[in-house]
**Q** 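For reference, the structure I am asking about is given below.
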2 protein chains.
Amino acid sequence: MGNKEIQEQRMKGYFIQATKEILKGEGLRNISVRNIAERAGYSYATLYNYFKDVRDLIFECVVDFQEECETFVLSESAKNKPGIEKIRAIAKAYVKYFIQYPGTFELFFLEKTNDVANKQPTLKLISNFLDRLSNNDWEYCITTKVMTAEAAKVKKNTLHFTLVGMLLLYSNRRQPETYKEFSEEVGNQINSILAMK
Amino acid sequence: MGNKEIQEQRMKGYFIQATKEILKGEGLRNISVRNIAERAGYSYATLYNYFKDVRDLIFECVVDFQEECETFVLSESAKNKPGIEKIRAIAKAYVKYFIQYPGTFELFFLEKTNDVANKQPTLKLISNFLDRLSNNDWEYCITTKVMTAEAAKVKKNTLHFTLVGMLLLYSNRRQPETYKEFSEEVGNQINSILAMK
DNA sequence: TTCAATATATTAACAGTGTTAATTTAATAA
DNA sequence: TTATTAAATTAACACTGTTAATATATTGAA
């Protein structure tokens with residue numbers, strides 16, 4: 001990587017860092033090109049020398065947040081037994097991360113993409129994220145005959161869709177009204193999905 | 001209702017009608033105060049004589065769309081036997097409606113609310129909508145001993161969260177990529193949730 | 001009917017948004 | 001040191017939602 005590439009990556013990094021800070025703090029609503037640039041220490045137009053548009057920049061944060069989330073999930077589920085128990089812990093930690101940083105949930109699931117074709121790899125990354133986190137333990141369940149491969153496949157999807165649906169309804173529609181209720185319902189849903197015949 | 005109230009309701013109706021048309025057509029992205037007002041045949045500032053802000057106006061469309069959706073769901077599930085079979089048909093029609101009019105999905109689940117307190121009744125309306133549509137048949141399942149009241153409660157929620165999650169991932173994240181795949185997965189999920197022990 | 005008071009609708013303006021073109025500043029090569 | 005290229009900045013455009021000031025109807029009283 002030549003000097004030019006190094007410098008370019010550094011510049012991109014400044015903007016990405018600023019964007020991440022705003023997303024974690026104020027969230028997606030209060031983000032703006034001028035906002036990001038000010039925090040990065042550059043003029044707003046400079047941003048366009050390094051990113052096609054602001055959505056491009058915003059979506060480049062996905063990878064970083066996924067790494068952070070993965071670290072969190074791994075540490076939260078480390079002491080759990082492989083299989084069902086670990087899947088349960090992973091699912092809970094997954095939800096916990098997005099609740100802790102609502103801006104990341106908005107980024108992962110709510111932020112609109114102008115040209116979906118260009119962002120397809122990132123969208124796939126998002127969709128497969130929970131799979132990636134829990135795949136080992138689903139495989140474990142299959143090999144230990146706790147469930148069939150078919151059952152695992154369906155349950156894995158049900159779990160994913162349910163968690164995303166709950167997160168959406170809670171963070172965007174205040175349903176249920178309190179975090180306590182939400183947290184309990186998350187537990188109930190995880191349990192009953194994993195207990196599915 | 002005096003003349004003044006009648007006239008005021010008529011004016012509100014013009015703006016609501018225009019908003020509904022845009023939501024159904026171009027969707028939430030391309031909606032704007034000037035856009036709505038032009039279609040309603042008034043200046044953009046006139047809108048503020050009848051609505052606190054544009055979000056207020058937009059959320060007033062929820063009730064109308066729910067009625068439309070309810071009519072659609074009832075007709076699509078009319079010839080199904082009460083209980084499990086009807087719940088299945090209701091769930092499929094519910095999804096079908098939001099797929100047919102993506103703008104309504106955005107309105108129901110994605111549109112942000114500035115002051116959540118003021119919109120709480122509408123948010124409740126949205127969250128309880130599928131419940132309202134299917135409650136009779138869940139009750140039927142309980143009285144005919146197909147499942148316990150406890151099981152029904154959990155399944156009802158699982159179904160709701162799963163459908164909302166799938167709709168979100170498909171319409172906002174193109175996951176899965178084709179409608180065919182999506183539609184099949186919806187069927188699979190409904191079946192396996194209803195078959196849960 | 002005519003005039004004043006009120007209600008309603010419109011235009012102008014403000015502060016914000018993303019983005020691009022023109023311009024200035026900095027870095028590089030001769 | 002100067003000419004050329006690269007990078008960063010300012011100015012501008014076309015939007016957005018919202019409010020204040022203005023113009024236009026509508027109403028009530030003389």
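Everything numeric in this text was worked out from a predicted model, so none of it was measured. All values below were derived from every heavy atom in this structure, side-chain atoms included, with hydrogens, water molecules and symmetry-related copies excluded. To find a chain, count down the sequence lines: A is the first, B the second, and so on, and within it residues start at 1.
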**Q** Once you round it to whole Å, what is the distance between C1' of D/dT18 and CG of B/Leu57?
**A** 14 Å
**Q** In whole angstrom, what separates B/Ile36's CD1 from D/dT18's C1'?
**A**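 From B/Ile36 CD1 to D/dT18 C1': 13 Å.
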**Q** Tell me the interatomic distance from A/Asn30, atom CG, to D/dT16, atom P, rounded to whole angstroms.
**A**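 The distance from CG of A/Asn30 to P of D/dT16 comes to 20 Å, rounded to the nearest Å.
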**Q** Applying salt bridge (charged side-chain N to carboxylate O under 4.0 Å, His left out), can you list everything that pairs with B/Glu139, at least two apart in sequence or on another chain?
**A**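 If we apply the salt bridge (charged side-chain N to carboxylate O under 4.0 Å, His left out) test to B/Glu139, skipping adjacent residues, there are no hits.
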**Q** Going by the rule salt bridge (charged side-chain N to carboxylate O under 4.0 Å, His left out), which residues pair with B/Lys180 if we only count those two or more places apart in sequence or in a different chain?
**A** B/Glu184
**Q** Given atom CD1 of A/Ile31 and atom C1' of D/dT16, what is their separation to the nearest angstrom?
**A** 18 Å
**Q** Whether A/Lys24 engages the ring of A/Tyr101 as a cation-pi pair (distance to the six-membered ring centre under 6.0 angstrom, angle to the ring normal within 45°) should be assessed.
**A** yes
**Q** Hey, could you give me each pair passing ring-ring contact (aromatic ring centres under 6.0 Å, His included) that has a residue in residues 59-89 of chain A? Not counting sequence neighbours.
**A**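 Non-adjacent pairs meeting ring-ring contact (aromatic ring centres under 6.0 Å, His included): zero.
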**Q** Detail all sub-3.5 Å separations between protein N/O atoms and N/O atoms belonging to nucleotides 6-10 of chain C.
**A**
{"from": "C/dA9", "atom 1": "OP2", "to": "B/Tyr50", "atom 2": "OH", "distance (Å)": "2.6"}
{"from": "C/dT10", "atom 1": "OP2", "to": "B/Ser43", "atom 2": "N", "distance (Å)": "2.8"}
{"from": "C/dT10", "atom 1": "OP2", "to": "B/Thr46", "atom 2": "OG1", "distance (Å)": "2.7"}

**Q** A side-chain contact here means heavy atoms from C-beta on lying under 4.5 Å apart; do B/Met11 and B/Glu8 qualify?
**A**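 No, side chains not in contact.
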**Q** Any donor-acceptor pair, under 3.5 Å, between the side chain of B/Arg34 and the base of D/dG17, if you only look at N and O atoms?
**A**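 Per atom types, the contact qualifies.
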**Q** Listed by chain and number, what are the salt bridge (charged side-chain N to carboxylate O under 4.0 Å, His left out) partners of B/Glu38, not counting sequence neighbours?
**A**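 Counting only residues at least two positions away or on another chain, B/Glu38 forms no salt bridge (charged side-chain N to carboxylate O under 4.0 Å, His left out).
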**Q** Whole angstroms only, please: what is the CZ-C1' distance between A/Arg55 and C/dG18?
**A**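 To the nearest whole Å, that distance equals 10 Å.
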**Q** Starting from P on C/dG16, measure out to CD on A/Glu38 and report it in whole angstrom.
**A**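 Answer to the nearest Å: 12 Å.
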**Q** Evaluate the side-chain proximity of B/Trp138 to B/Ile87: yes if any heavy-atom separation is below 4.5 Å, no if none is.
**A** yes
**Q** Is A/Leu28 close to A/Leu23 at the side-chain level, that is, under 4.5 Å between some pair of heavy atoms?
**A**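 Yes, close enough: below the 4.5 Å cut-off.
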**Q** Once you measure the plane-to-plane angle for B/Phe109 and B/Phe105, does it fall in the parallel (<30°), tilted (30-60°) or perpendicular (>60°) bin?
**A** tilted
**Q** What's the OH-P distance between A/Tyr48 and C/dA22, to the nearest Å?
**A** 17 Å
**Q** Nearest whole angstrom, please: distance from the P of C/dG16 to the CG of A/Asn35.
**A** 11 Å
**Q** So if I take residues 108-123 of chain B and measure heavy-atom distances to DNA chain D, which residues fall below 4.0 Å?
**A**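 Nothing qualifies; none.
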